[in-house]
Amino acid sequence: MAKELDLDWANLKFGYMPTDYNVRCYFRNGEWGEIEVSSSDTINMHMAATCLHYGQEAFEGLKAYRCKDGHIRVFRPEENAARLQSTCRGILMPELPTEKFVEMVKKVVLLNERFVPPYESGATLYVRPLLIGTSAQVGVHPATEYLFIIFVTPVGPYFKGGFATNNYVIARDHDRSAPLGTGIYKVGGNYAASLQANKWAHDQGYACEFYLDAKEKKYIDECGAANFFGIKNNTYVTPLSTSILPSITNKSLMQLAEDLGLKVERRQIPEEELETFEEAGACGTAAVISPIGEIDDPEIGKKYVIAKNGKPGPVSEKLYKKLIAIQYGEEPDTHNWVTIVK
Ligand code: PLP
Ligand code: COI
């Protein structure tokens, strides 16, 4: 029996901590192999592997929750499997079947059960699937062999204060992704492209960088590693863009907004429209909902103050509570979003 863990759960950062096991599956000779369990947190691979040279790698992110009723739940893992398959088509990697993905998620969570943070600690178990091209290429071509790994690590809030307002800064001098590029896929290259802007934003005390569309620098794209939504006139508005990641949290919030009687609009959002929102938020697995206080655009000398009193708005709070109540099994799972691991 695994030893009880004595961690300072309530003060965990969003960072890596070693756990007991990870699960792996190799793609060789045109097919996926058996699921393997490893207790090593390193991998051994060819120095000419395509993931190292040509960015042939994709990742995912989801969370496992220890719930009041004693169960451990994960949220919409089939959606992460589907998005990984879409990324695979995008950068020519073999698609991992959904069933295998979900089976591996459940397995790695169970194997590391003692790392699933206690209920109400504010922490969760972050699940990180990773798919990499491992065989050698020197010409720019896809690999013939791949490794799919899922590791887990307990995490605290991604943005300061959890459900509290944060400020963002528009990074006009940087593009995260191009309109017909890889922004819709969860590939490492997009995050490499964001590192400078992210540092620039943090150095000035902002929670995160905020992107406009790369072509016209006119429309809202996303907030670092989270999607954007704005609320006004009982409407949930979120960008329609070919250069942002299709967020599973955002997709869920659109549904919940509709369930709560809001109108939902997915369309281009011109930057000036920021002035008109009653509330806004950044949403994602890591961020959950991080309410937006203010968005600054220093290059054109504009400041959009959204949370006038510095506090999260009522609609964002309702959406947040509804989402986490479903994730923790405290409200009926009417959309069939939750998988019980144990
Ligand atoms: N946008 C980017 C660039 C991200 O990395 C993420 C995180 O996965 C999101 C949005 C939010 O997506 P999801 O809600 O599926 O976690
Ligand atoms: C997530 O929300 O899962 C993310 O991908 C954020 C991550 C890049 C830290």
Side-chain angles (χ1 to χ4, degrees), residues 12-17 57-65 74-87 90 101 105 123-131 150-160 162 166 168 171 174-178 181-195 197-199 201-202 207-214 220-229 236 238-257 266 280-290 292 319-320 323-324 326-327 337:
L12 283 182
K13 302 257 175 304
F14 192 92
Y16 179 79
M17 170 189 302
E57 80 88 49
F59 69 100
E60 273 300 328
L62 63 161
K63 283 174 173 172
Y65 309 85
V74 292
F75 188 66
R76 309 191 78 174
E78 306 80 8
E79 289 287 329
N80 294 93
R83 187 169 64 191
L84 179 61
Q85 288 154 7
S86 155
T87 300
F101 183 97
V105 167
T124 51
L125 188 73
Y126 186 68
V127 179
R128 171 54 68 86
L130 172 74
L131 174 58
I150 310 182
F151 69 79
V152 295
T153 194
V155 295
Y158 190 64
F159 289 121
K160 229 180 32 222
N166 274 296
Y168 296 79
H174 294 87
D175 295 326
R176 171 188 170 272
S177 67
T182 56
I184 52 170
Y185 306 124
K186 204 158 167 68
V187 297
N190 297 337
Y191 298 82
S194 77
L195 289 173
N198 188 260
K199 181 177 184 314
H202 283 153
C208 190
E209 78 284 16
F210 196 94
Y211 295 103
L212 299 178
D213 77 283
I220 290 168
D221 252 1
E222 53 184 337
C223 332
N227 275 184
F228 171 87
F229 69 85
Y236 179 103
T238 194
L240 183 66
S241 162
T242 57
S243 46
I244 65 177
L245 192 76
S247 155
I248 296 158
T249 313
N250 196 7
K251 184 174 178 182
S252 310
L253 291 174
M254 284 188 257
Q255 179 65 59
L256 295 180
R266 210 164 152 221
C283 64
T285 297
V288 195
I289 288 181
S290 182
I292 296 178
L319 287 168
Y320 174 77
L323 178 68
I324 61 171
I326 295 173
Q327 290 170 334
W337 285 345

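Keep in mind that the numbers below use all heavy atoms, side chains included, and drop hydrogens, waters and symmetry copies. Both ligands and their constituent atoms are indexed starting at 1 by order of listing.
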Looking at [X], which atoms of ligand 2 are within less than 4.0 Å of one of its heavy atoms?
{"X": "Lys186", "answer": "4 (C), 5 (O)"}
{"X": "Tyr126", "answer": "1 (C), 3 (O), 4 (C), 5 (O)"}
{"X": "Tyr191", "answer": "8 (C)"}
{"X": "Tyr158", "answer": "9 (C)"}

Could you pull out every protein residue that has a heavy atom closer than 4.0 Å to ligand 1, ordered by chain and then number?
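Near ligand 1, by chain and number: Arg83, Arg176, Lys186, Tyr191, Glu222, Gly224, Ala225, Ala226, Asn227, Leu245, Ser247, Ile248, Thr249, Cys283, Gly284, Thr285.
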I'd like to know if the side chain of Glu222 pairs up with that of Tyr211 as donor and acceptor (distance under 3.5 Å, no hydrogens or angles considered).
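Side chains of Glu222 and Tyr211: no pair found under 3.5 Å.
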Scan side-chain atoms only and decide if Asn190 and Ser177 contain a donor-acceptor pair under the 3.5 Å cut-off.
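On atom types as modelled, these side chains do not qualify, holding no pair under 3.5 Å.
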Going through the distances and angles, do Glu57 and Leu130 end up as a side chain to side chain contact (heavy atoms under 4.5 Å, CB included)?
CA-CA 7 Å; Glu57 80 88 49; Leu130 172 74; 3.2 Å; yes
Top protein contact for atom 2 (O) of ligand 2, by heavy-atom distance:
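Residue, atom and distance for the closest contact: Ala286 N, 2.8 Å.
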For atom 7 (C) of ligand 2, find the nearest protein heavy atom and state the residue, atom name and distance (0.1 Å precision).
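Checked against all protein heavy atoms, atom 7 (C) of ligand 2 sits closest to Arg128 NH2, 3.9 Å.
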Apply ring-ring contact (aromatic ring centres under 6.0 Å, His included) to Tyr191 and list each qualifying residue two or more places apart in sequence or on a separate chain.
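ring-ring contact (aromatic ring centres under 6.0 Å, His included) check on Tyr191 returns Phe59.
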Does a side-chain N-to-carboxylate-O contact under 4.0 Å join [X] and [Y]?
{"X": "Lys199", "Y": "Glu209", "result": "no"}
{"X": "Arg83", "Y": "Glu60", "result": "yes"}
{"X": "Glu79", "Y": "Lys251", "result": "yes"}

Of the non-hydrogen atoms in Thr285 and Gly61, which two are nearest, and what is the gap between them?
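Closest approach of Thr285 to Gly61: OG1-O, 3.5 Å.
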Tell me whether Ser243 contacts the main-chain N or O of Gly183 through its side chain, where contact means a donor paired with an acceptor under 3.5 Å.
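Side chain of Ser243 to backbone of Gly183, a donor-acceptor pair under 3.5 Å: no, none is there.
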